[in-house]
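What follows is a single structure, written as structure tokens, with notes after it.
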2 protein chains.
Amino acid sequence: MEMAPEDEGHHQHQPNRLGEMAYRNMKERLIRGAFSPGDKLTIRAVSEMLDVSTTPARDAINRLVIDGALIYSGPKTVIVPHLRLLDLEEITQMRLALEGLAAALSVKAAGEATIEELELLQAKIDAALDEKRYFDALWHNKEFHFAIYRLSGMPHLLQVIETLWLRVGASFNGLYPEFSETRYGAHNHRAAIEALVDKDVAAARAAIENDIRDGFRQMKKISAGRDQGNLCRR
Amino acid sequence: MEMAPEDEGHHQHQPNRLGEMAYRNMKERLIRGAFSPGDKLTIRAVSEMLDVSTTPARDAINRLVIDGALIYSGPKTVIVPHLRLLDLEEITQMRLALEGLAAALSVKAAGEATIEELELLQAKIDAALDEKRYFDALWHNKEFHFAIYRLSGMPHLLQVIETLWLRVGASFNGLYPEFSETRYGAHNHRAAIEALVDKDVAAARAAIENDIRDGFRQMKKISAGRDQGNLCRR
DNA sequence: TTCACATTTTTGTTGCAACAAAAAAACATG
DNA sequence: CATGTTTTTTTGTTGCAACAAAAATGTGAA
């Protein structure tokens, strides 16, 4: 039987390692809103929280710091960062460039199955908002975007975009429920789906870019109602 | 005396840590061409190489894997990756988007001092090529690009671009001296400098994008003269 | 040689303890 | 009360050893 050509690797990290598990677990908690900006994370605390020894806990924290999901506030203290408006602006610009690219490249690979998947995800988003399950809505929103980006077939690109989401993700928690109540995203998501159906590259890019811009404006408006430029409650 | 407002952090990693030192050291070696694609890096080997214990060595390797500068070729083996044409294409697309953005944003902040610095760096590149010091040329080339990108004032952007360079950087070693002998970059660099002088945003972006595209074509051409799609000598 | 299998060596992971340094708490001082 | 100082506690880093698993090596048969 003909064998597939040697892949040579490009393996992801082994999923069975404790450090990898700890990283995934903490990442999920961060995105889901288990921590707030300013919260301090210590090795021993994470170690107990996940019931592993200090080494995997340390690995997880180090990796999250590299990702930018956590930052040092002092030589021996890592915290969930307070996202400032300036940071958000910068990351938004990068998202526009990279996710616009991913959206444009996704058009070619979009098929019947993808459209259905996207429709389903959008329905989940709507349902979650109806029932005020805001974290679920945010989660499905992420799934919606990445379902599109995955079509680009570019693993490096996917990975970089994901770290950008991680950097801002933790700070979203303090913005609910105002953030999602206007449902700014629904229109853009429908536009994206239609662009994929029509195989319209420019429209797909525009839909995603609009979604990102609208989200940014929304966050800016909410943060304006709080103290200067700081995007978190406290 | 008036104190500066609390920065709250956004610290980089402490430079005095052994793991950080090991990381920097290995990164430098990778860029400078101390290793070739396919070389295996073990914790204990790095530990001896840098005369530190296994923990910092392990930290450094893990971080380089996260950066994409090293990859797993098996559950217990990390190697310097063989960059395939497909990977190079993808990273080139991301570079176009991100470095184009950085170049465009840099125009506003470009001043007299910057221009002089860039002229000096270009002179260093030319001199290095004249004397066939190809690694130095590559190094100064990097300095030239990042001197521009730094003007954008966007630390997140800088950091992401740097990891993209790291991903391809290690594979450049095998391409000398052919890669630089045509001096494809000189014209684009001059165009970039002039764009900064003229405060021409579109021209700055175009100059950088052209430089990236020309470099990509150059690499593709060289790799075509070797076996299929594999961008390294062996 | 080529392939499959058994054996030996190498290697990453994990847990842990010592230590210095930083953070937090307690305290004193104005 | 606020502020500077000392004491106590917490914390990350580093080195190291045990272990299981993977890689390298050796072996033998076809």
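In this text the structure is predicted, and so the values were computed from the model without any measurement. In what follows, chains carry the letters A, B, and so on, assigned in the order in which the sequence lines appear, proteins first and then strands, with residues in each chain numbered from 1.
Comparing Thr77(A) and Gly19(A) against DNA chain C, the residue whose closest nucleotide sits nearer the 5' end is Gly19(A).
Between Arg167(B) and Glu162(B) there is no salt bridge, since no side-chain nitrogen of the basic residue lies less than 4.0 Å from a carboxylate oxygen of the acidic one.
Environment of CD in Glu48(B): sparse, with no more than 12 heavy atoms of neighbouring residues, nucleotides or ligands closer than 6.0 Å.
For the side chain to side chain contact (heavy atoms under 4.5 Å, CB included) with Met26(B), the lone residue among Ile31(B), Ile61(B), Leu70(B), Leu50(B) that qualifies is Leu50(B).
Within 4.0 Å of Leu41(B), counting heavy atoms only, lie sugar-phosphate atoms of the nucleic acid but no base atom.
For the pair Lys142(B) and Phe146(B), the distance from NZ or CZ to the six-membered ring centre is under 6.0 Å and the angle to the ring normal is within 45 degrees. Cation-pi geometry between Arg95(B) and Trp165(B) is met: under 6.0 angstrom from the ring centre, within 45 degrees of the axis. In this structure, Arg32(A) is not positioned above the aromatic face of Phe135(A) in the sense of NZ or CZ being under 6.0 Å from the six-membered ring centre and within 45° of the axis.
Only Thr42(A), Ile43(A), Arg44(A), listed by number, bring a heavy atom of residues 42-56 of chain A to less than 4.0 angstrom from any atom of DNA chain D.
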message: Using the rule given for salt bridge (charged side-chain N to carboxylate O under 4.0 Å, His left out), can you reason through Arg24(B) versus Glu20(B), listing the C-alpha separation, both sets of side-chain angles and the distance that settles it, and then say yes or no?
response: CA-CA 6 Å; Arg24(B) 280 193 219 281; Glu20(B) 182 72 17; 3.4 Å; yes
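A straight line from NZ of Lys76(B) to P of dT9(C) spans 16 Å, rounded to a whole angstrom.
Mapping heavy-atom proximity under 4.0 Å, the span of DNA chain D touched by chain B runs 5' to 3' from dT13(D) to dA24(D).
Ring centers of His145(A) and Tyr149(A): under 6.0 Å apart, within the cut-off.
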